[in-house]
Structures are given as C-alpha cells and as structure tokens.
Amino acid sequence: MEKHVDHAALAREAGRLANSKIASIQCRYTGQNNAASARARAELAQLRKINGSNNDSWFATGGLVLEGWSRERMEQFGASGSDEGRVFCALKSTLGLYALHQQSKSIGCAVLRNKDESDEDYRARAARASFGRACRLIEPKLDEAACVRRRLMAIERANDFDAVLYNVRSLIRLMKRSKTDQLIRLDYWALARDLYLLQLPGGWQENVLSRWSQDYFASVETHE
C-alpha cells in the first residue's frame, strides 16, 4: 500500500520552522540588547549567503537552518526523502529571502504575532502581508507596475524551482527599494508554505499562483 504524504501539513511545517527562526532573529535584531542585536546581525549576514554560490560552509551556516529539524516529525506526515528535501529547500530559501529583506532596515520586515494579540487580529494582519499583496504594494498603480507583473509572470512560467526563487528574490529586492512611504512587510510563514507547494506538480502550484494573483489584483489601501 502506497504511503500517504500529507503535503499540506509539510507545507505548514515549513512555515512553522521558518517563522520560529525569523521571530527569534527579528526580536533580537530590533531589541534593546546590543549584544543580542549584534548576534542577530551576524546571523542575517550568514543567511544572506545560503541561497547563492558564495555560501562558505554548511558547517558554519547550516545550524541556523537545521536547528530544531526533526526527521521523526517529517515521518509523521508521511514524508519521503524527496519531500523532506522540499521542506528543507523552502526553509533555506525563506530564511535567505528574509535576511535580504531585513538588510539595512531598522524595523522588522516579517509580520509576527504580537503579545496578547487575538487569533483573528493576527490572521487579518498576516493576510494583509501576503506575498501577492506585498508585490502590489511595490507599485500600487497597476499601469506603472509592469516590472512587477513581468517577474510574477516569470514565476508562473518557471521550469524549475531555481527560476521561481530567482524571481521571488528579485521581487523582494523591489520591496526593499519601494518608493512608497510605508515599509512593506511580509508574512514569511505563508511564503515558506508556498515555496514548499511550488515545488510540487500540478494543482498545488496552481493553487499558490491563483492565490497570489487574487491578492495582487485586489484593491489596496496604501496607508494603514
């Protein structure tokens, strides 16, 4: 009997792992403890290397990604070696993208849950920071956003995950440089989930791209 793989649960696990690591780094990076902030800056510098060819050593940087990794937990969701590799790839990619996004920003770029915040309020804030909506905020005027849509269409046409990641990274850079008067924040839990699903064939990819498209074309308020 073929083993059932719970891809939705594995996608959520990628999101959970990414968000827990990002929360730890961002809280220290933006906090008042100078020593902790310095360590967070060093970790961000290491993470910016992991999606490129200049990664100096997995034994130097791998701990930032792999700490807390549980093969037993993956097996609970029916993950094969290939599925586990997809979770790792989504996690690694998300952490590198966050490190790029956060670079030179004094305010946290990831949407994290506030203390005593209700589930409803947190979900609403996270929904306003989906990848599709964040892309829209780069240039809210659709008739002036051809460069954004060109990169989104390149993701849609991508033949492999490397091409997806290349264009997602380009969009993150545009978010950093956006001339709108607000910081563009991102729900990295959802991005890690989606980057896992985009590695799967067929309907999984279609669902992610459809959701990104809906969020991108929905009307937005540029001041919140």
Side-chain angles (χ1 to χ4, degrees), residues 1-22 47 50-53 55 58 62 64-101 110-111 123 126-127 129-136 148-172 175 186-218:
M1 184 176 178
E2 187 175 351
K3 192 174 183 180
H4 172 70
V5 181
D6 191 342
H7 286 299
L10 286 170
R12 292 192 297 270
E13 180 68 4
R16 184 190 70 81
L17 288 166
N19 220 42
S20 66
K21 294 174 186 296
I22 287 170
L47 289 173
I50 63 176
N51 287 331
S53 58
N55 181 31
W58 270 111
L64 291 174
V65 180
L66 294 169
E67 184 179 2
W69 186 272
S70 170
R71 281 196 167 144
E72 290 77 12
R73 188 172 175 85
M74 300 294 168
E75 289 173 357
Q76 291 176 7
F77 304 131
S80 65
S82 296
D83 299 320
E84 192 171 337
R86 292 187 188 101
V87 174
F88 174 75
C89 188
L91 172 60
K92 172 177 74 78
S93 301
T94 302
L95 294 176
L97 292 166
Y98 167 71
L100 173 65
H101 192 181
V111 170
R123 283 195 296 267
S130 68
F131 185 73
R133 189 176 186 280
C135 288
R136 176 65 179 275
V148 176
R149 291 201 303 279
R150 185 164 59 247
R151 287 169 173 82
L152 288 168
M153 288 187 288
I155 293 171
E156 191 173 27
R157 295 192 300 265
N159 293 321
D160 57 37
F161 186 72
D162 285 342
V164 169
L165 186 57
Y166 175 86
N167 286 287
V168 171
R169 190 183 299 114
S170 295
L171 288 160
I172 295 288
M175 291 176 199
L186 199 55
D187 178 4
Y188 278 94
W189 181 94
L191 182 60
R193 174 201 62 194
D194 291 347
L195 290 179
Y196 173 82
L197 296 174
L198 284 170
Q199 296 175 76
L200 300 174
W204 295 103
Q205 294 179 0
E206 185 68 24
N207 287 341
V208 171
L209 296 170
S210 174
R211 180 160 26 83
W212 285 4
S213 176
Q214 291 172 39
D215 290 345
Y216 179 78
F217 286 106

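All values reported here derive from a predicted model rather than from experimental measurement.
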Give the minimum heavy-atom separation between [X] and [Y], together with the two atoms involved.
X	Y	result
A192	A90	O-CB, 3.6 Å
R12	W189	O-NE1, 3.8 Å
A110	I22	CB-CG2, 3.6 Å
V5	G78	CG2-O, 3.2 Å

(message) Using side chain to side chain contact (heavy atoms under 4.5 Å, CB included), reason through V208 and R211 one step at a time and then give a plain yes or no.
(response) CA-CA 5 Å; V208 171; R211 180 160 26 83; 3.8 Å; yes
(message) Donor-acceptor check, side chain of S213 to backbone of L209, threshold 3.5 angstrom: yes or no?
(response) no
With side chains defined as the heavy atoms from C-beta onward, is the minimum distance between [X] and [Y] less than 4.5 Å?
X	Y	value
V65	I50	yes
M175	C135	yes
Q76	E13	no
L197	N207	no
V87	F77	no

(request) Please lay out, stage by stage, how L95 and L64 fare under the test side chain to side chain contact (heavy atoms under 4.5 Å, CB included). (result) CA-CA 9 Å; L95 294 176; L64 291 174; 5.8 Å; no
(request) Please step through side chain to side chain contact (heavy atoms under 4.5 Å, CB included) for the pair D215 and F131, ending with a clear verdict. (result) CA-CA 8 Å; D215 290 345; F131 185 73; over 6 Å; no
Find the distance between [atom1] ([X]) and [atom2] ([Y]) and round it off to the nearest 0.5 Å.
X	Y	atom1	atom2	answer
L195	K92	CG	NZ	11.0 Å
H7	Q199	NE2	CD	11.0 Å
L10	R86	CG	CZ	9.5 Å
L17	Y196	CG	OH	12.5 Å
S170	R150	OG	CZ	10.5 Å
T94	N19	OG1	CG	10.0 Å

(message) Pair L97, L191 - check side chain to side chain contact (heavy atoms under 4.5 Å, CB included), show working.
(response) CA-CA 10 Å; L97 292 166; L191 182 60; 4.1 Å; yes
(request) Name all residues meeting the side chain to side chain contact (heavy atoms under 4.5 Å, CB included) criterion together with S80; count only those two or more places apart in sequence or in a different chain, and write none if there are none. (result) S82, D83
(message) Would you call the rings of W69 and F88 parallel, tilted or perpendicular, taking 30° and 60° as the class edges?
(response) perpendicular
Return all side-chain donor-acceptor pairs below 3.5 angstrom for residues 152-164, not counting sequence neighbours, or 'none' if the list is empty.
from : atom 1 : to   : atom 2 : distance (Å)
D160 : OD1    : D162 : N      : 3.3
D160 : OD1    : A163 : N      : 2.9

(message) So if I apply the side-chain contact (heavy atoms from CB on, under 4.5 Å) rule between Y188 and each of R193, H101, K21, which one comes out positive?
(response) H101
